[in-house]
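Below is one structure, written out as structure tokens; comments come after it.
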Amino acid sequence: MKHKDIHLEFRGDIAIVRLNRPAKRNALSDELINAVRTVFETLPDTVRAAVLDGEGEHFCAGLDLSELKERDAGQGMHHSRMWHAALECVQYGPVPVIAALHGAVVGGGLELASACHIRVADETAFYALPEGSRGIFVGGGGAVRIPRLIGAARMADMMLTGRVYNAQDGERIGFAQYLVPAGKATEKALELAERVAQNAPLTNFALMHALPRIAEQPADQGFLTESLMAAIAQSDPEAKTRVRAFLDGKAAKVKRG
Ligand code: 1HE
């Protein structure tokens, strides 16, 4: 798939998806958000993990505000649903996605990052939800995904007061799981992607598709779903091979962190 605002590259079984609209700080036009959707819908089945990053000084400036024309309520709802559909393709697509963040991670850019499975930020990253001061609301799934990362109270504060979190505080409160020196986010994300790509495919499926849903289920339903997923994963020949390798002393032990 070729699109003028996305650079797509393959390194072995890793896909690197780069937002490539630096002159507009990778602002997400309707065209670009739909291209993100198409990329994740059409990844070749040889791909085992993906890295998502942004060209230029910033990861992403959010919604392309130049397209925020007069919309009536129905059009506004459909526009938001279009974003939901695109970001669902990232979260519930074929492979885990590792976001490599730097510079502005704001508005819809933060919503996009929140749909990824792992976030690596460099020291230049900053997080904001300027929707609050622009008189609008999040519409790309942020009201669902962001409270799950940082809590509803912190999200409300960001939108009510325009609070901006720097990279260190962003890691502390849960936006990013990894914080690396400036310019190193993509390198670290690639290192993690290579590790993720070595997992049994069913393990990655379980973590992407079962875990977030189990976490939202009432406990008694969650325990049952977990047991079904566990039974499916452990009956896979790949699991048996890996467990046997450990018992035969041929697989790596867990090392101290
Ligand atoms: C844009 C956008 C954009 C930059 N839509 N064109 N998001 C925001 O409210 C964030 C708005 N952007 C900014 O605050 C800043 O641009 C940044 C902090 C991200 C970067 O600052 P800087 O100094 O590096 O760049 P700049 O000079 O502000 O912008 C460069 C160009 O990109 C300029 O256009 P030019 O033609 O004058 O060169 C900007 O107009 C353009 N640009 N950001 C359109 N967002 C599903 S709902 C989600 C709702 C939201 O995401 S609302 C939050 C939107």
Side-chain angles (χ1 to χ4, degrees), residues 3-6 18-40 52-92 97 99-116 119 121-150 152 154-167 169-170 175-176 182-183 185:
H3 189 276
K4 64 180 171 47
D5 294 334
I6 291 187
R18 179 161 298 150
L19 304 175
N20 190 24
R21 207 186 168 210
K24 295 290 176 188
R25 305 319 186 236
N26 298 321
L28 295 162
S29 59
D30 289 0
E31 193 185 338
L32 181 48
I33 198 70
N34 278 317
V36 168
R37 174 181 181 159
T38 307
V39 164
F40 283 96
L52 173 66
D53 68 5
E55 185 65 44
E57 298 291 300
H58 301 281
F59 171 69
C60 179
L63 178 71
D64 186 327
L65 292 169
S66 69
E67 291 184 354
L68 194 68
K69 317 178 262 294
E70 298 277 320
R71 286 195 191 107
D72 65 24
Q75 289 164 331
M77 188 191 64
H78 287 301
H79 181 262
S80 169
R81 298 298 287 155
M82 178 185 84
W83 271 66
H84 293 162
L87 299 200
E88 285 246 328
C89 290
V90 177
Q91 181 175 4
Y92 295 121
V97 184
L101 307 175
H102 72 292
V105 184
V106 305
L110 181 51
E111 295 182 286
L112 173 59
S114 302
C116 298
R119 281 156 296 280
D122 84 8
E123 284 165 347
T124 70
F126 58 97
Y127 308 89
L129 290 168
E131 287 89 338
S133 56
R134 311 248 182 266
I136 54 179
F137 190 59
V138 285
V144 172
R145 294 192 181 98
I146 294 172
R148 286 179 188 159
L149 295 178
I150 64 166
R154 286 200 180 99
M155 179 175 173
D157 175 32
M158 289 175 79
M159 294 193 72
L160 287 168
T161 68
R163 180 170 183 169
V164 179
Y165 281 97
N166 65 23
D169 288 340
F175 276 133

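Each ligand, and each atom within it, is numbered from 1 in the order the structure gives.
- Using bins of under 30°, 30° to 60° and over 60° for the plane-to-plane angle, the ring pair Tyr127/Phe175 lands in the parallel bin.
- One finds no salt bridge joining Lys24 and Asp5 here, because no Lys/Arg side-chain nitrogen approaches an Asp/Glu carboxylate oxygen to under 4.0 Å.
- In this structure, the side chains of Leu19 and Val36 come closer than 4.5 Å at one or more pairs of heavy atoms.
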One line per pair, note the atom names and distance for all nitrogen or oxygen contacts under 3.5 Å between ligand 1 and the protein.
{"from": "ligand 1", "atom 1": "5 (N)", "to": "Leu63", "atom 2": "O", "distance (Å)": "3.4"}
{"from": "ligand 1", "atom 1": "5 (N)", "to": "Leu65", "atom 2": "N", "distance (Å)": "2.8"}
{"from": "ligand 1", "atom 1": "7 (N)", "to": "Ala61", "atom 2": "O", "distance (Å)": "2.8"}
{"from": "ligand 1", "atom 1": "9 (O)", "to": "Arg134", "atom 2": "NE", "distance (Å)": "2.6"}
{"from": "ligand 1", "atom 1": "9 (O)", "to": "Arg134", "atom 2": "NH2", "distance (Å)": "2.8"}
{"from": "ligand 1", "atom 1": "24 (O)", "to": "Arg25", "atom 2": "NE", "distance (Å)": "2.9"}
{"from": "ligand 1", "atom 1": "24 (O)", "to": "Arg25", "atom 2": "NH2", "distance (Å)": "3.4"}
{"from": "ligand 1", "atom 1": "24 (O)", "to": "His58", "atom 2": "NE2", "distance (Å)": "3.0"}
{"from": "ligand 1", "atom 1": "25 (O)", "to": "Arg25", "atom 2": "NE", "distance (Å)": "2.9"}
{"from": "ligand 1", "atom 1": "25 (O)", "to": "Arg25", "atom 2": "NH2", "distance (Å)": "3.3"}
{"from": "ligand 1", "atom 1": "32 (O)", "to": "Ala23", "atom 2": "O", "distance (Å)": "3.3"}
{"from": "ligand 1", "atom 1": "34 (O)", "to": "Lys24", "atom 2": "NZ", "distance (Å)": "3.3"}
{"from": "ligand 1", "atom 1": "36 (O)", "to": "Lys24", "atom 2": "NZ", "distance (Å)": "2.6"}
{"from": "ligand 1", "atom 1": "45 (N)", "to": "Ala61", "atom 2": "O", "distance (Å)": "3.1"}
{"from": "ligand 1", "atom 1": "45 (N)", "to": "Leu63", "atom 2": "O", "distance (Å)": "2.8"}
{"from": "ligand 1", "atom 1": "51 (O)", "to": "Leu63", "atom 2": "N", "distance (Å)": "2.9"}
{"from": "ligand 1", "atom 1": "51 (O)", "to": "Gly108", "atom 2": "N", "distance (Å)": "2.7"}

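- The side-chain heavy atoms of Phe59 and Leu110, taken from C-beta on, include no pair separated by under 4.5 Å.
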Distance-only donor-acceptor pairs under 3.5 Å for side chains of residues 134-145, two or more places apart:
{"from": "Arg145", "atom 1": "NE", "to": "Gln91", "atom 2": "OE1", "distance (Å)": "2.7"}
{"from": "Arg145", "atom 1": "NH2", "to": "Gln91", "atom 2": "OE1", "distance (Å)": "3.0"}

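- No side-chain heavy atom of Glu111 sits under 4.5 Å from any side-chain heavy atom of Leu28.
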